[in-house]
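Let me begin by presenting the structure, written as C-alpha cells, before commenting on it.
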Amino acid sequence: MGMRNFRAEKGDRPRLDRLFLRRFLTLQSVLFPRWMSENVLMLLTLLVVALTGQLVVYQVGILPSQFYGVLANRDPSGFRRLAVLAVMLILAISLLRSVEQYIGKLVYVNCRKVMTEHLHKLYFTKQVYYTLSTERPHVDNPDQRMTQDVERLCRELGTVASKLLITPFTLVYYSYQCAISTGWMGPLSIFGYFVIGSLLNRLLMGPLIPKLVQQEKLEGDFRFKHVEIRVNAEAAAFTRAGLVEHSRTAQRLQNLISVQKDLMNQELWLYFGTNLFDYLGGILSYMVIAVPIFAGVYRDLSAAELSELISKNAFVSIYLVNCFSQIIDLSSSLCDVAGYTHRIAELDEAMRCILQGQKDEDEEAKELQPCDAVFVLEDVTITAPGSDCTLVRNLNVHVREGSNLLITGETGSGKSSILRVLARLWKPKRGHVCVFTPFGPRGVLFLPQKPFLSDGTLREQVIYPLKEVFPNSGQVDDDRILRSLEMSGLTCLLSRTGGLDHKVEWKWSEILSPGEMQRLAFSRLFYLQPKYAVLDESSSALSEDAEIELYTCCRQLGMTLISVGHRRSIKNFHDLELKLGPDGQWDLKRLPKQHAPGDDQ
Ligand SMILES: Nc1ncnc2c1ncn2[C@@H]1O[C@H](COP(=O)(O)OP(=O)(O)OP(=O)(O)O)[C@@H](O)[C@H]1O
C-alpha cells in the first residue's frame with residue numbers, strides 16, 4: 001500500500017536522483033496545475049520581460065565597442081548620438097530589470113500561497129494533523145516543512161525562475177554571436193570549459209544534499225524546543241525546570257551548529273570551484289579571440305576597428321561564459337531546492353498515504369450493515385500506534401440511544417484509547433468499529449480532558465466550531481449562548497471579556513484555569529446539544545458537586561453519554577460500566593438503576 005512505499009523511500013538518503021526528479025515534478029504540478037493557471041501566466045510574462053531585457057542588454061553590452069569606434073575616429077556628432085542612445089538604453093534596461101525582479105517576487109509569493117494552501121488542505125482534512133504525529137515512523141516537524149521549507153523553496157524558485165527560462169535563449173544567441181567573430185572554435189572551447197566545470201561541481205555538490213536535509217530537521221527540532229517551553233512555561237516554572245531545559249536547548253543548538261559547520265566546510269570547496277570558474281571565464285574570452293587574431297584572420301582591420309572588434313567579442317564571450325557560469329550557480333541553488341523538495345514532498349506523500357488509508361477504511365465501513373446500536377465495537381483489539389502491547393482484547397460493546405456507558409479502569413489501561421478508536425483517530429488492530437451517527441451538533445461531540453480553546457471571542461468559544469464547520473446551522477442564538485454559560489457556571493466570563501463579542505488580547509488556554517476550561521467546554525456542549533456526548537474525564541478538574549451539576553444538565557438535555565471517569569458519583573448517570581483490566585481484559589456489566597438527578601425532568 002501507499003504507506004509502505006512512503007516508508008521505503010524515506011529511509012533513502014536524499015539525493016539528486018530520479019526520486020528527486022519525480023518529487024520535483026509532483027510539486028511543480030501543484031504549483032502549475034494547468035496551462036492557463038495564474039503561476040504559468042506569471043512565468044510567461046516573466047519570460048517576455050526577461051527576453052526583451054536580453055535584447056537591450058546586448059545593445060548596452062556593445063556600447064563600449066561603439067564608443068571605441070567614434071572616439072578613435074574623432075567623430076563628435078556620432079559621439080552625441082551614441083551618448084543619447086546609451087542613456088535611453090540604460091533607462092530601458094533599468095526599467096526592465098526592475099519589472100523582472102518584481103515579477104520574480106510575485107512568482108515567489110504566489111507559489112508559496114499555492115503550495116501552502118495545498119499542504120494545509122491535506123493537513124487539516126480528517127485529522128491528518130493528528131495521525132501524522134502518531135504514525136511511526138513519523139515525518140519530523142511538519143510545521144517547519146509547511147512554513148519555513150515552503151517559504152525557502154518558493155523564494156529560491158522565484159529567484160532562479162527568470163534565469164532558468166532565459167538561459168537557453170541567451171546561450172544560443174551568444175554562441176552564434178561569438179562564432180561570428182571567433183569561428184565555431186570559440187563557443188566550442190567555452191562549452192568544453194563548462195562541461196569540465198559542471199562535472200567538478202556535481203562532484204562537490206553530491207554530499208551536500210543529505211547534510212542540508214539534516215540541517216533543516218535539526219533547525220525544526222531546535223525551534224520546537226523553544227515552542228515547547230513557551231507553551232508549558234507555567235508548568236516548567238513550577239518545576240524549576242530552567243537549568244535542565246537550558247542544557248537541553250543548548251544541546252539541540254549544539255547539534256544544529258555542528259551540522260551547519262560540517263556543511264560550511266564542504267561548501268567551501270563548492271564556493272572555491274564556483275569562483276575559480278567565474279574568474280577563469282574572464283580570461284577565456286581573450287584567449288578565444290587571440291586565436292583568429294594571431295592566425296591573421298583580421299590582418300586587414302585598422303587599429304580602431306580591431307579594438308572595436310576585441311571589445312565587442314570580449315563582451316559576447318564574457319556573456320557566454322556568464323551564461324554557463326549562471327548554470328553552475330544555478331546548481332548550488334539546485335542543491336537547496338533539492339533539500340527543500342525532499343522535505344516538502346515527504347510530508348505531501350505521508351499525508352496522501354494517510355488520507356488514502358482512511359478512504360479505504362470508509363469503503364470498508366460502508367459495507368457494514370446498520371443496526372439498532374449507534375456505537376458498535378465488534379471483536380476489537382487495540383494497541384497504541386507503534387506498540388505491540390495490547391490495551392484491549394476482543395472487545396464487544398453496543399451502545400444504543402438512551403443507554404449511557406461508563407468506562408473505568410486503572411491509569412494507562414486504555415480508556416481514552418477506546419474513545420480514540422471511536423473517534424477514528426486510531427485504527428483498531430483487529431475487529432470492526434462503527435459509529436452510526438455523524439460527528440457534530442446533531443450527532444456526537446467529543447469532550448477531551450483538556451479542551452481545545454482556539455483564538456476568538458467568547459461567542460466564538462461557545463459556538464465553536466459551528467459557523468466554520470456547519471455554516472447552515474442557522475442563526476446564532478444569543479439567549480442560548482447566555483443560558484449555556486449559566487448552566488456551566490461561567491456567567492462571570494461575560495464581565496471579564498467585556499461581552500460576547502469583545503475581542504480578547506489573551507490566549508484562552510493560558511488565562512483560564514483547568515476547571516474554567518472544562519466548564520467552557522461544557523457550555524459548548526450545552527449550546528450545541530448533540531444527541532450523544534463522549535466525555536473523557538471532561539470534568540476531572542472540577543469538584544464532585546460541580547461534576548454532578550454538569551452531568552445533570554446533560555441528562556436534562558436528553559444526551560446519551562459515553563464517559564470515562566474515576567469518581568463513584570458519576571456512576572448514577574450511567575446504565576452500563578465497561579471496566580478495563582490488565583493485559584487487555586475487560587468486563588461489561590449493567591449498573592443498578594439508581595435515581596440520578598435530572599431523571600424526573
Ligand atoms: N500516541 C501514542 N503512542 C504510543 N502510546 C500511546 C499513545 N497514546 C497513549 N499511549 C499509551 O497507551 C496506553 C493507554 O493510554 P490511554 O490514554 O488510553 O490510558 P487511560 O486508561 O485513558 O489512562 P488515564 O486514566 O491516565 O487517562 C498508555 O500506556 C499510553 O502511554
Side-chain angles (χ1 to χ4, degrees), residues 3 7 123 126-143 224 228 231-232 235 350-351 353-354 357-358 361 375 377 380-397 399 404-431 433 435 444-452 514-515 517-518 521-522 533-542 544 547 550-551 561-571 573-574 576-589:
M3 187 50 109
R7 284 178 180 166
Y123 190 64
K126 293 192 173 178
Q127 298 79 43
V128 166
Y129 50 87
Y130 174 82
T131 317
L132 206 56
S133 61
T134 52
E135 283 283 348
R136 299 284 187 277
H138 58 199
V139 176
D140 69 86
N141 302 305
D143 53 318
F224 181 76
E228 192 179 55
V231 172
N232 302 298
M351 294 199 290
C353 284
I354 292 171
Q358 290 182 350
E361 276 173 48
F375 299 89
L377 294 137
V380 170
T381 297
I382 303 174
T383 55
S387 151
D388 287 331
C389 174
T390 302
L391 295 170
V392 186
R393 183 172 288 116
N394 300 339
L395 176 65
N396 284 297
V397 185
V399 180
N404 302 299
L405 174 73
L406 176 65
I407 307 175
T408 58
E410 288 303 316
T411 305
S413 55
K415 303 180 293 295
S416 302
S417 304
I418 295 181
L419 305 189
R420 290 182 190 115
V421 167
L422 279 180
R424 306 193 56 193
L425 300 182
W426 286 9
K427 275 182 257 176
K429 192 172 177 201
R430 264 195 308 278
V433 179
V435 178
V444 53
L445 274 187
F446 285 76
L447 253 61
Q449 188 173 13
K450 188 167 187 293
F452 178 59
M517 282 196 257
Q518 291 192 336
F522 269 94
V534 179
L535 311 174
D536 186 1
E537 299 188 50
S538 329
S539 44
S540 56
L542 299 171
E544 210 169 309
E547 190 170 51
L550 293 175
Y551 267 82
L561 306 174
I562 296 182
S563 325
V564 167
H566 292 285
R567 294 202 188 114
R568 298 187 127 265
S569 51
I570 58 168
K571 274 198 179 171
F573 295 89
H574 297 85
L576 293 167
E577 182 181 5
L578 172 66
K579 193 166 185 179
L580 303 185
D583 304 323
Q585 295 169 30
W586 53 273
D587 178 39
L588 182 66
K589 66 171 189 234

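Both counts, for ligands and for their atoms, begin at 1 and track the order of listing. Just the heavy atoms: all of them, side chains too, but no hydrogens, waters or symmetry mates, feed the values below.
- Considering backbone and side-chain atoms together, T134 places no N or O closer than 3.5 Å to any N or O of ligand 1.
- Counting heavy atoms closer than 4.0 Å to ligand 1, residue I418 contributes nothing at all.
- By the 3.5 Å distance cut-off applied to N or O atoms, G412 is counted among the residues near ligand 1.
- Polar contact check, S416 against ligand 1: a nitrogen or oxygen pair lies under 3.5 Å apart.
- Only side-chain heavy atoms of W426 come within less than 4.0 Å of ligand 1; its backbone N, CA, C and O stay farther off.
- Here the closest non-hydrogen pair linking N404 and L561 is OD1-N, 2.6 Å.
- A side chain to side chain donor-acceptor pair (under 3.5 Å) with R567 is found for one member of E544, E537, E547 and no other, namely E547.
- Taking a 6.0 Å sphere around NZ of K450, one finds it holds 12 or fewer heavy atoms contributed by other residues, nucleotides or ligands.
- Residue G414 has at least one N or O atom closer than 3.5 Å to an N or O atom of ligand 1.
- Proximity of E537 to ligand 1 is established by a heavy-atom distance of less than 4.0 Å.
- Considering both main-chain and side-chain atoms, K415 comes within under 3.5 Å of ligand 1 through a nitrogen or oxygen pair.
- Looking at every heavy atom in both residues, G565 comes nearest to L406 through N-CD1, 4.1 Å.
- The residue from G565, S417, S413, S133 that puts a heavy atom closest to atom 18 (O) of ligand 1 is S417.
- The side-chain heavy atoms of L395 and L578, taken from C-beta on, include a pair separated by under 4.5 Å.
- V564 pairs with exactly one of I570, L580, I407 by the side-chain contact (heavy atoms from CB on, under 4.5 Å) rule, that one being I407.
- The contact set between ligand 1 and A384, taken as ligand atoms under 4.0 Å from a residue heavy atom, comprises 4 (C), 5 (N), 6 (C).
- Less than 4.0 angstrom separates some heavy atom of R420 from each of these atoms of ligand 1: 8 (N), 9 (C), 16 (P), 17 (O), 18 (O).
- In H566, the part holding a heavy atom less than 4.0 Å from any atom of ligand 1 is the side chain.
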